[in-house]
Amino acid sequence: MADNVPATTAGALRTAPGATTGRGGAWWRTPVRTAIPFVVVFGLWEFVARLGIFPKRLFPTLEEVAQTFVELTARGILPHHVFETVLRLIAGFALAALVGIAIGVMMGRSRRAEDIFLPLVSICAPIPGIAYAPLFLLWFGLGDFSTILLVGFVSAFPIIFNTWTGVKAVKEIWVRAAHSMGADDRRLFRKVILPGALPYMLTGLRLGLAQAWRILVGVEILAAVPWGLGWMIFGAREFLNTDVMLAGIVAIGIIGFILEKFVFERLERYTVVRWGMMTA
Amino acid sequence: MQHIEVNHVSLVYDTPGGKVPGVDDVSFTMAPSEFLCLVGPSGCGKTTLLNIIAGFLSPVAGEIRIGGNAVNGYGQDRGIVFQDFAQLFPWRTALGNVTFGLEMKGVAKAEREAIALEQLKLVKLDKFAHSYPHHLSGGMQQRVAIARALAYNPAVLLMDEPFAALDALTRDDMQRLLADVWRETRKTVIYVTHNVAEAVFLADRVIVMTPHPGRVKAEVRISLPRPRDPLSVEFLEYQKALLRHLSEPSRADAQ
């Protein structure tokens, strides 16, 4: 089954369940091991900040960043930015997932769809998402609609590619077995092709979400939306509020971590890991 | 009445180097509930022939009839067990795999699970009904595959070296189990193998094939009482006879 396991980019964020028992360590080993790199980076940061090489405004101490973070949260400003950004992210990503999986499956199943879409997708995919932004803004106007559309468009590519690969990688022996047991095309698709391609699809969705983040934060400034983390970070530059920028970056990191831990990892543990198609 | 008729079936492979005959003018018939083994060295077209009977390949000449009807593509009248352990669907439990064919037939959930459990009992795996394939050993996975192929009650069971990738001890167990399953279910079985002892242990009749092109070389009826004793003199005599057929004049082409 090893040949069916696609590479995943998010390996760094994972801690394998049972890893603690492996080396006979106590329950606190894993959290401590995970915390060490953060402690090192934070320590260096604090050291540089207190050295005073940079002006205090441009290189705030951790304490100041934390204070700003808490203050912005308490005043409801940060939650409002987060809310708007996450809403756009979900809308754009959902669009990408729907369209991307549909096109990817079509390409994997039909030779003609592959001939039509593959050249288009291959040419459009490597173009940086932000390059499309001015075009989208002129066509669809400033605001949420353009932003969501662009996020959906750009993050659909990795989903298309991985779904296509996944559908093509479905083992011929499963298809033969299903056919011999009387599966028609529709049920072959639902009961064999989809679950068979799932490991790749999940990888595609993960990459698509990362792509969606990248383009969304950039486009929030260009699209002149009144709220959003991207807007907050860039807006803070005008006033040299580096602590606000850092608070925004921290918020993005936390949201990404939550999505990875509580959405993707759970989805995987419940499906492909449980089925032995991918190891945790 | 004949259950399966294979009439002058030929198949040619298109390769970059030209047309290569895979199966050449093969004919035989089978009675209902007969256990037939196709034996031959690799490349003799025995798996190709099985795939033609299964309906995955169409012959360029000749025809196959099952129960009087010409075979045209795959169908639920034949159950298939492959050599590859990966044939099971990893996203379904053992029970889920076995119910698949019944689900395709439109059998209600409670009923198909009851039937599937019966089949798993037949291959002595009812305790593992809710395990996923990757938690089962190779021998267990092949037993699930047999139960899965039997569950929707096809009249014919086609088996392509199902135990070839197992270790010798497990293989012996599997052969005994398959002989029991066959005695209980009375399916018509075509079983492909390159293992002569396996053929003598299981088959009513053995067809020996030679390669390049795949042809029927000899037919040997095994008239030993069941269950068979692999250490008896008669058993070894049959093995010797089959080996003689396999190694005789066409040795030069086989290499």
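So you know, we letter chains A, B, ... as the sequences are listed, proteins then strands, and number each from 1. Model, not experiment: these values are computed from the prediction.
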- prompt: Do any of residues 95-112 of chain B have a heavy atom less than 4.5 Å from a heavy atom of chain A, and if so, which, in residue order?
  reply: B/Phe100, B/Gly101, B/Glu103, B/Met104
- prompt: Has A/Arg266 got its NZ or CZ under 6.0 Å from the middle of the six-membered ring of A/Phe262, at an angle within 45 degrees of the ring axis?
  reply: no
message: So does B/Lys124 get a backbone contact from the side chain of B/Arg143, meaning a donor-acceptor N/O pair under 3.5 Å?
response: yes
- request: Can you tell which part of A/Val272 gets under 4.5 Å to a heavy atom of chain B, answering side chain, backbone, both or neither?
  value: neither
message: Main chain of B/Arg65, side chain of B/Glu5: is a donor-acceptor contact present, judged purely on distance under 3.5 Å?
response: no
message: Salt bridge check, A/Asp115 against A/Arg112: does any charged N sit closer than 4.0 Å to a carboxylate O?
response: no
task: Let me know if A/Arg176 has heavy atoms under 4.5 Å from chain B in its side chain, its backbone, both or neither.
output: both
task: Could you tell me whether the side chain of A/Val175 reaches within less than 4.5 Å of the side chain of A/His179, counting heavy atoms only?
output: yes
statement: Comparing B/Tyr132, B/Tyr74, B/Trp91 against chain A, the one with the most heavy-atom pairs below 4.5 Å turns out to be B/Trp91
- line: Only one of A/Arg206, A/Lys261, A/Arg274 passes salt bridge (Lys or Arg N to Asp or Glu O under 4.0 Å) with A/Glu268, and that residue is A/Arg206
message: Could you tell me if B/Arg148 sits above the aromatic ring of B/Phe89, with its cationic atom closer than 6.0 Å to the ring centre and no more than 45 degrees from the axis?
response: yes
